[in-house]
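Below: one structure, written as structure tokens.
Along the sequence shown, residues are numbered consecutively beginning with 1. Atom set for the values below is all heavy atoms of this structure, side chains included, hydrogens, waters and symmetry mates excluded.
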Amino acid sequence: MMSTYAIGSAAIGTVFLSRTWCHLSRLIGAVLIGIAMMVLAPPVWADQTIMAADSATVDCSASAKDLTRISLVQDEFASVSKISTGNPQDDFSVVNEPVRGDIYLSVPDGFGRRALSFFATSKRGYVYKFVCKVVGEDAAQVFVSNPAIAKEGEGAAPAVARTPQDEAVALVQAMYSNSVVDGYEMRQRALRPVMVGALKVQMIAEYRGAALAGRVLRIENTGRDPIALTEATVAPASALAVSIAEPKLAPGQVTTAYLVTRQGN
């Protein structure tokens, strides 16, 4: 049944994409084909998992050639505000998908800006400023988690993650708030730090469950120059979710990173 819907969505999307004279039709077609690919393809892990408070700036990456999906953990987008430049080569498109409350970004061929920015309001009343670098050719996913939402649920039984992706995001959120998650053993321990270039990296906490493992890392810049941290800097390629509290480290500055991998990795 799902494959039938996916094929139908792809067919309708192709019709819309064929209307090359209408940018809105092309965008609708791209979204429909993207939905079909998501239904037919196996589950995809989140490209970026980001912690953000109300009114915070969310630094992320958007695809230069494909769709970028942005999803709020335990929340949904209600509205998006952006400015139109009047120049088609500098304008990007935002589609609010009403079923899950996600938004999809797309940029035109030859997009002239290195980054795009906009404001978004969630159904829970939180406002975020998004600044996304335009890089890469593959479709991208961004998952934004607000620690305040986790505090709203304190005292209640933790919800069981419905998918491995949701569980990885929930584990990052738990590590960020230094809380305990059902089904996980949490150990507060500091291992001997290791040097990675000018970075001193030390694991200070570990979460272990049946399928996933989470680690909290303390990272210090011991060099004389600022260092920009990336997911590849602090986590293996097999990591399911990565969050860095402060990605830009000045000399002597310390930050915390949270990463989730499959058990045994």
Side-chain angles (χ1 to χ4, degrees), residues 6 9-10 13 16-17 23-52 56-73 75-85 87-123 126-146 163 165-166 168-169 172 230-232 237 239-244 247:
S9 178
F16 276 98
L17 279 175
H23 180 70
L24 179 59
S25 293
R26 293 178 63 191
L27 177 60
I28 294 173
V31 172
L32 289 173
I33 291 177
I35 293 173
M37 293 176 64
M38 290 170 61
V39 172
L40 292 173
V44 179
W45 301 113
D47 295 329
Q48 303 153 73
T49 301
I50 301 171
M51 293 289 180
T57 297
V58 180
D59 293 317
C60 58
S61 298
S63 174
K65 299 293 184 180
D66 210 327
L67 290 176
T68 299
R69 172 196 177 201
I70 303 180
S71 179
L72 299 176
V73 179
D75 201 352
E76 298 177 15
F77 286 103
S79 64
V80 176
S81 301
K82 62 180 286 289
I83 294 178
S84 176
T85 65
N87 181 359
Q89 295 301 315
D90 289 334
D91 275 341
F92 61 95
S93 299
V94 181
V95 175
N96 194 339
E97 192 274 308
V99 177
R100 292 180 59 95
D102 299 336
I103 59 176
Y104 289 83
L105 309 178
S106 63
V107 300
D109 291 336
F111 186 71
R113 298 187 175 187
R114 302 178 65 180
L116 54 85
S117 62
F118 60 93
F119 287 92
T121 303
S122 79
K123 291 185 178 180
Y126 297 107
V127 178
Y128 306 96
K129 175 185 176 182
F130 286 87
V131 179
C132 302
K133 296 180 181 178
V134 180
V135 294
E137 298 185 356
D138 296 332
Q141 295 190 101
V142 181
F143 291 84
V144 179
S145 180
N146 191 328
T163 67
Q165 184 181 78
D166 291 336
V169 173
V172 169
T230 65
E231 295 180 5
L240 305 182
V242 181
S243 180
I244 305 172

Excluding sequence neighbours, so at least two apart, what forms side-chain hydrogen bond (donor to acceptor under 3.5 Å, both in side chains) with [X]?
X: K123; answer: E76
X: D90; answer: N87
X: S63; answer: none
X: D59; answer: none

Minimum-distance pair of heavy atoms, taken over all atoms of [X] and [Y]:
X: S243; Y: V172; result: CB-CG1, 3.9 Å
X: S122; Y: L72; result: CB-CD1, 3.6 Å
X: P108; Y: D91; result: CD-O, 3.0 Å

Distance check, rounded to the nearest 0.5 Å: [X] atom [atom1] versus [Y] atom [atom2]?
X: R69; Y: D102; atom1: CZ; atom2: CG; result: 4.5 Å
X: F143; Y: Q48; atom1: CZ; atom2: CD; result: 10.5 Å
X: I50; Y: C60; atom1: CD1; atom2: SG; result: 5.5 Å
X: D138; Y: K65; atom1: CG; atom2: NZ; result: 12.0 Å

Kindly write out the residues that satisfy side-chain contact (heavy atoms from CB on, under 4.5 Å) with [X], not counting sequence neighbours, or none if the list is empty.
X: A120; value: F77, V80, F118, F130
X: A52; value: A56, V58, Y128, V144
X: T230; value: A232, T233
X: S79; value: T121

field: Test log, rule side chain to side chain contact (heavy atoms under 4.5 Å, CB included), inputs Q89 and F111
entry: CA-CA 5 Å; Q89 295 301 315; F111 186 71; over 6 Å; no
task: Test V142 against every option in L105, T49, I70 by the side-chain contact (heavy atoms from CB on, under 4.5 Å) rule and name the one that passes.
output: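 Passing option: I70.
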field: K82 atom NZ, neighbour heavy-atom count above 12 within 6.0 Å
entry: yes
task: Evaluate the side chain to side chain contact (heavy atoms under 4.5 Å, CB included) criterion for residues D75 and Y126: first the C-alpha distance (whole Å), next the side-chain angles of each, then the deciding distance (0.1 Å), finally the verdict.
output: CA-CA 9 Å; D75 201 352; Y126 297 107; 3.9 Å; yes
task: For the pair V73 and N146, evaluate side chain to side chain contact (heavy atoms under 4.5 Å, CB included) and give the outcome as yes or no after the intermediate values.
output: CA-CA 7 Å; V73 179; N146 191 328; over 6 Å; no
